[in-house]
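Read through the structure below, which is laid out as structure tokens, and then see the notes.
Given the structure is predicted, the values throughout are model-derived calculations rather than measurements. Values reported hereafter were calculated over all heavy atoms of this structure, with side chains retained and with hydrogens, waters and symmetry mates removed.
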Protein chains: 2
Amino acid sequence: MGRKARVSTTIVALMQAGERHAWTLEALQAGLAARGEPADFSSIFRATEKLAAERTIRKMLLEDGRARYELADSHHDHLHCTTCDALIPVPCVIRAGASAALEAEIGVAIDEHQLVFSGLCPKCRGDEAPRRRGRSPARK
Amino acid sequence: MGRKARVSTTIVALMQAGERHAWTLEALQAGLAARGEPADFSSIFRATEKLAAERTIRKMLLEDGRARYELADSHHDHLHCTTCDALIPVPCVIRAGASAALEAEIGVAIDEHQLVFSGLCPKCRGDEAPRRRGRSPARK
DNA sequence: CTAAGTGCAAATCATTTGCAACCAG
DNA sequence: CTGGTTGCAAATGATTTGCACTTAG
């Protein structure tokens, strides 16, 4: 678990740097290259699989069919911007009582959840929808 | 919009019959065949894309990387059983106020959400986890 | 007739996997 | 040495797309 794997180590370092919130394998490859640590796609893939298995990072699948990875530190949910495709973190709004209620009412056993809102991130909301002073969205 | 497309029509009929809750393309193909309306995978694929585009049905991606389709009538969330892989519907636990709060606090614009709980469905919970009378899970 | 719907085959896409060369311990 | 890592190439699995043929209207 020490300081051996070059790829794994750099991936975690990249994520901890926090320049970005959720990474696709492609983004990770670009990020590693930018750090002067280029690696093969399969190596990155295997490194993320291992990191996810040991719960260091978390793997998520989005509607666009591509996996995103993020540090598995604090729990939170996400907003997937339908305009710029960014995945931004938002605080979890699932109250503990809610899942407990489901377990009792429906008889299921809940382990975890994944909640993804779809909409506009702060930036795109401002750009694309200046609702307030009514302006047509530049037609089309 | 009438009664033209054989495949689309049968897909909706199948879903409305409600023998199943979420369908994979493969399940749909099997279902159509069972109804004496066999169709090609690509035809089913294109039919679901169209139905989803016109909001008649909803398309979802699960962790296993395969799309599931369901009627887009009432909103609800899901529980993905980690044992039998079933996707069962559960009432939505996201209160309207929760998303409104996020929009105000974070500056996002929320359109919709997809929430999937992971755990055990009622059946598997009963089979696999008779916690009550403590028995070791038959090792491994 | 004419566009929408279909079937078949081939192309894509995003991983995944097999293997042999490498490298830290 | 020796098992964990890597890179490269080839294999997968699940769609997606191109094209020509059908068919509802």
For this session: Write down the distance between CG (B:Leu28) and P (C:dT6), rounded to a whole number of angstrom.
Result: 13 Å

Exercise. Applying the 4.5 Å side-chain criterion to the ILVMFWY set and letting contacts propagate, would B:Ile44 and B:Leu71 be lumped into a single cluster?
Worked result: yes

For this session: Mind calculating the distance between CG (A:Leu61) and P (D:dG13) to the nearest angstrom?
Result: 17 Å

Exercise. For A:Leu51 and D:dG4, what is the distance between atoms CG and P respectively, to the nearest whole Å?
Worked result: 16 Å

Problem set entry | Between C1' of D:dC21 and CG of B:Asp40, the distance in whole Å | 13 Å

Exercise. Tracing side-chain links under 4.5 Å among I, L, V, M, F, W and Y, which residues wind up in one group with B:Val93?
Worked result: A:Leu79, A:Ile88, A:Val90, A:Val93, A:Ile94, A:Leu102, A:Ile106, A:Val108, A:Ile110, A:Leu115, A:Phe117, B:Leu79, B:Ile88, B:Val90, B:Ile94, B:Leu102, B:Ile106, B:Val108, B:Ile110, B:Leu115, B:Phe117

For this session: Flag yes if more than 12 heavy atoms outside A:Glu26 fall under 6.0 Å of its CD atom; otherwise flag no.
Result: no

Exercise. Is there a donor and acceptor pair, one atom on the side chain of B:Arg46 and one on the base of C:dG7, closer than 3.5 Å?
Worked result: yes

Problem set entry | Within one Ile-Leu-Val-Met-Phe-Trp-Tyr cluster: B:Leu87 and B:Met15, side-chain cutoff 4.5 Å | no

Exercise. How long is the line joining CZ of B:Arg68 and C1' of D:dT15, in whole Å?
Worked result: 14 Å

Exercise. How long is the line joining CD1 of B:Ile44 and P of D:dA14, in whole Å?
Worked result: 15 Å

Exercise. Rounding to a whole Å, what distance do you find between B:Gln29:CD and C:dT6:C1'?
Worked result: 13 Å

Problem set entry | Joint hydrophobic cluster, B:Tyr69 plus B:Leu61, side-chain heavy atoms closer than 4.5 Å | no

Exercise. Which residue pairs satisfy the side chain to side chain donor-acceptor pair (under 3.5 Å) criterion with at least one member in residues 84-94 of chain A, sequence neighbours excluded?
Worked result: A:His80-A:Asp85

Problem set entry | Short side-chain donor-acceptor distance under 3.5 Å, A:His113 and B:Asp77 | no

Exercise. Which pairs pass ring-ring contact (aromatic ring centres under 6.0 Å, His included) with one or both residues in residues 5-39 of chain A, sequence neighbours excluded?
Worked result: A:His21-A:His76, A:His21-A:His78

Problem set entry | Pairwise ring-ring contact (aromatic ring centres under 6.0 Å, His included) hits with a residue in residues 41-65 of chain A, at least two apart | none

If you restrict it to nitrogen or oxygen atoms, what contacts under 3.5 Å exist between nucleotides 1-5 of chain C and the protein, and what is each distance?
residue, atom, partner, partner atom, Å
C:dG5, OP2, B:Lys50, NZ, 2.4

For this session: Output yes when at least one side-chain N/O atom of B:Ser43 is less than 4.0 Å from OP1 or OP2 of C:dG7, else no.
Result: yes

Protein and nucleotides 13-16 of chain C: nitrogen or oxygen contacts under 3.5 angstrom:
residue, atom, partner, partner atom, Å
C:dT15, OP1, A:Ala67, N, 3.3
C:dT16, OP2, A:Lys59, NZ, 3.3

